[in-house]
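Structure record follows, encoded as structure tokens.
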Amino acid sequence: MIALFLILCSLIMQVLFPRGCAGCNMPDEIICEQCCEDFKQHTVRELPYPILVCGKFNEITRRIILRWKDHNDAACTSILALLCVQLLQMSNCLSLASRIIFVPVPSSKMALRKRFGRWHTKELAVYVAKLLRNQGYDARVEVLLRFSRAVKKSVTMRSSSRMNRLHNNIIVNTPKQYSSLQSVQYFVLDDVLTTGSTMQQCVKALKNNGINSVGLVIVST
């Protein structure tokens, strides 16, 4: 009910106050073409596992991500998903012969309460998988990861504090030995990569359960 109320409020606000670009406020744009260019500065790192990044974290990308993530601007999701798909295609790491599974980075209960139950990385993963299915890929989303205990907000923490906060705190929902066949590709999807602590724990949890073919897809770093 709360989520429906927020959507209705958002629609009313759009009628009363027409929206502008989430990055630069250009009228009648969700994310304008110029701001999208900041998410096309693709970076691909191969070690210790493939890390695919759409763009660098600057003032424009920061503003867009915060508006999408913390200010309930869900309209940005479809555009960010398209940018992630372009990144995946550029990297040449997808195969039509493989099943592609996107694993959203978990959100803490505190973060979900703050966003009224909205799990933005799962929402993004669903859009990315849908776009790839439309292109003939066998793509889907699996919610495999969760926090094992409550965590504090990490924005102001130092790198060492982030690592201690997350140490062995991200686990697989239903522990079991998953198939690590070459015909299945797993990608963990997140919005921002800072110290890499969260992603390291995600990869560790998956590998502990037999998933070795893991790549990372990041919106910005």
Side-chain angles (χ1 to χ4, degrees), residues 3 7 22 30-31 36 39-40 42-44 49-55 61 64-70 72-91 93-96 98-109 111-112 114-147 166 170-174 178-179 183-194 196 198-207 209 211 213-221:
I7 292 172
I30 298 174
I31 304 176
C36 279
F39 290 104
K40 295 179 181 178
H42 298 155
T43 303
V44 178
Y49 31 75
I51 304 175
L52 314 179
V53 182
C54 287
T61 57
I64 291 169
I65 289 172
L66 287 178
R67 185 162 162 177
W68 166 61
K69 175 179 176 179
D70 292 330
N72 203 41
D73 194 349
C76 293
T77 306
S78 58
I79 296 177
L80 293 174
L82 178 60
L83 292 164
C84 287
V85 168
Q86 291 173 354
L87 168 67
L88 285 160
Q89 292 173 329
M90 179 279 302
S91 69
C93 63
L94 299 181
S95 170
L96 284 168
S98 298
R99 173 174 295 173
I100 303 162
I101 295 176
F102 292 98
V103 181
V105 163
S107 283
S108 67
K109 291 182 179 179
L112 289 173
K114 178 183 176 183
R115 299 179 189 124
F116 301 98
R118 180 170 173 256
W119 186 351
H120 66 293
T121 54
K122 180 182 176 183
E123 183 181 279
L124 181 63
V126 168
Y127 267 87
V128 171
K130 180 180 179 181
L131 289 172
L132 287 174
R133 284 197 302 274
N134 290 342
Q135 297 180 22
Y137 291 94
D138 180 9
R140 61 187 67 186
V141 176
E142 291 190 12
V143 179
L144 297 181
L145 301 171
R146 65 178 176 87
F147 287 107
L166 293 169
I170 294 178
I171 60 175
V172 169
N173 269 320
T174 306
Y178 287 83
S179 171
S183 59
V184 181
Q185 296 175 285
Y186 289 85
F187 291 95
V188 181
L189 196 149
D190 200 3
D191 52 4
V192 177
L193 182 70
T194 49
T198 302
M199 284 305 203
Q200 287 179 34
Q201 292 299 313
C202 288
V203 172
K204 179 181 177 182
L206 293 173
K207 289 194 172 186
N209 283 268
I211 299 175
S213 178
V214 181
L216 309 181
V217 179
I218 313 293
V219 178
S220 181
T221 187

Find the distance between [atom1] ([X]) and [atom2] ([Y]) and round it off to the nearest 0.5 Å.
{"X": "Ile64", "Y": "Ser220", "atom1": "CD1", "atom2": "OG", "answer": "9.5 Å"}
{"X": "Lys204", "Y": "Ile170", "atom1": "NZ", "atom2": "CD1", "answer": "11.0 Å"}
{"X": "His42", "Y": "Met90", "atom1": "NE2", "atom2": "CE", "answer": "5.0 Å"}
{"X": "Tyr186", "Y": "Ile101", "atom1": "OH", "atom2": "CD1", "answer": "4.0 Å"}
{"X": "Ser213", "Y": "Tyr49", "atom1": "OG", "atom2": "OH", "answer": "14.0 Å"}
{"X": "Ile30", "Y": "Ile79", "atom1": "CD1", "atom2": "CD1", "answer": "4.5 Å"}

Practice problem: Please name all residues satisfying salt bridge (Lys or Arg N to Asp or Glu O under 4.0 Å) with Lys109, sequence neighbours left out, ordered by chain then number. | Solution: none
Practice problem: Output all residues satisfying salt bridge (Lys or Arg N to Asp or Glu O under 4.0 Å) with Lys122, sequence neighbours left out; order by chain, then residue number. | Solution: none
Quiz item: Where do Val184 and Ile211 land on the side-chain contact (heavy atoms from CB on, under 4.5 Å) test, with the steps shown first?
Solution: CA-CA 9 Å; Val184 181; Ile211 299 175; over 6 Å; no
Quiz item: Would you say the side chain of Leu52 lies within less than 4.5 Å of the side chain of Leu216, judging by non-hydrogen atoms?
Solution: no
Set of residues satisfying side-chain contact (heavy atoms from CB on, under 4.5 Å) with respect to [X], sequence neighbours excluded:
{"X": "Val53", "value": "Thr43, Ile51, Ile218, Thr221"}
{"X": "Lys130", "value": "Arg133, Asn134"}
{"X": "Asp73", "value": "Arg19, Ala22, Arg67, Ala75, Cys76"}
{"X": "Arg146", "value": "Ile171, Asn173"}

Practice problem: Output all residues satisfying side-chain hydrogen bond (donor to acceptor under 3.5 Å, both in side chains) with Thr121, sequence neighbours left out; order by chain, then residue number. | Solution: Trp119
Quiz prompt | Residues which pass side-chain hydrogen bond (donor to acceptor under 3.5 Å, both in side chains) with Asp138, listed by chain and number, not counting sequence neighbours | solution = Arg99, Arg140
With a cut-off of 3.5 Å and sequence neighbours excluded, list every side-chain donor-acceptor pair involving residues 80-89.
| residue | atom | partner | partner atom | Å |
| --- | --- | --- | --- | --- |
| Gln89 | NE2 | Gln135 | OE1 | 2.3 |

Practice problem: Please step through side-chain contact (heavy atoms from CB on, under 4.5 Å) for the pair Asn72 and Arg115, ending with a clear verdict. | Solution: CA-CA 7 Å; Asn72 203 41; Arg115 299 179 189 124; over 6 Å; no
Self-check item: Polar side chain donor-acceptor pair, Thr77 to Glu123, under 3.5 angstrom
Solution: yes
Quiz prompt | Tyr127 OH: over 12 foreign heavy atoms closer than 6.0 Å | solution = no
Practice problem: Only one of Val128, Val105, Val103, Val141 passes side chain to side chain contact (heavy atoms under 4.5 Å, CB included) with Leu189; say which it is. | Solution: Val128
Quiz item: How far apart are the C-alpha atoms of Val126 and Phe102, what are their side-chain angles, what is the distance that settles it, and do they pass the side-chain contact (heavy atoms from CB on, under 4.5 Å) test?
Solution: CA-CA 8 Å; Val126 168; Phe102 292 98; over 6 Å; no
Quiz prompt | Residue list, ring-ring contact (aromatic ring centres under 6.0 Å, His included) with Phe39, at least two apart or on another chain | solution = none
Quiz item: Do you know which two heavy atoms are closest between Met199 and Asp190, and how far apart they sit?
Solution: CE-CB, 3.3 Å
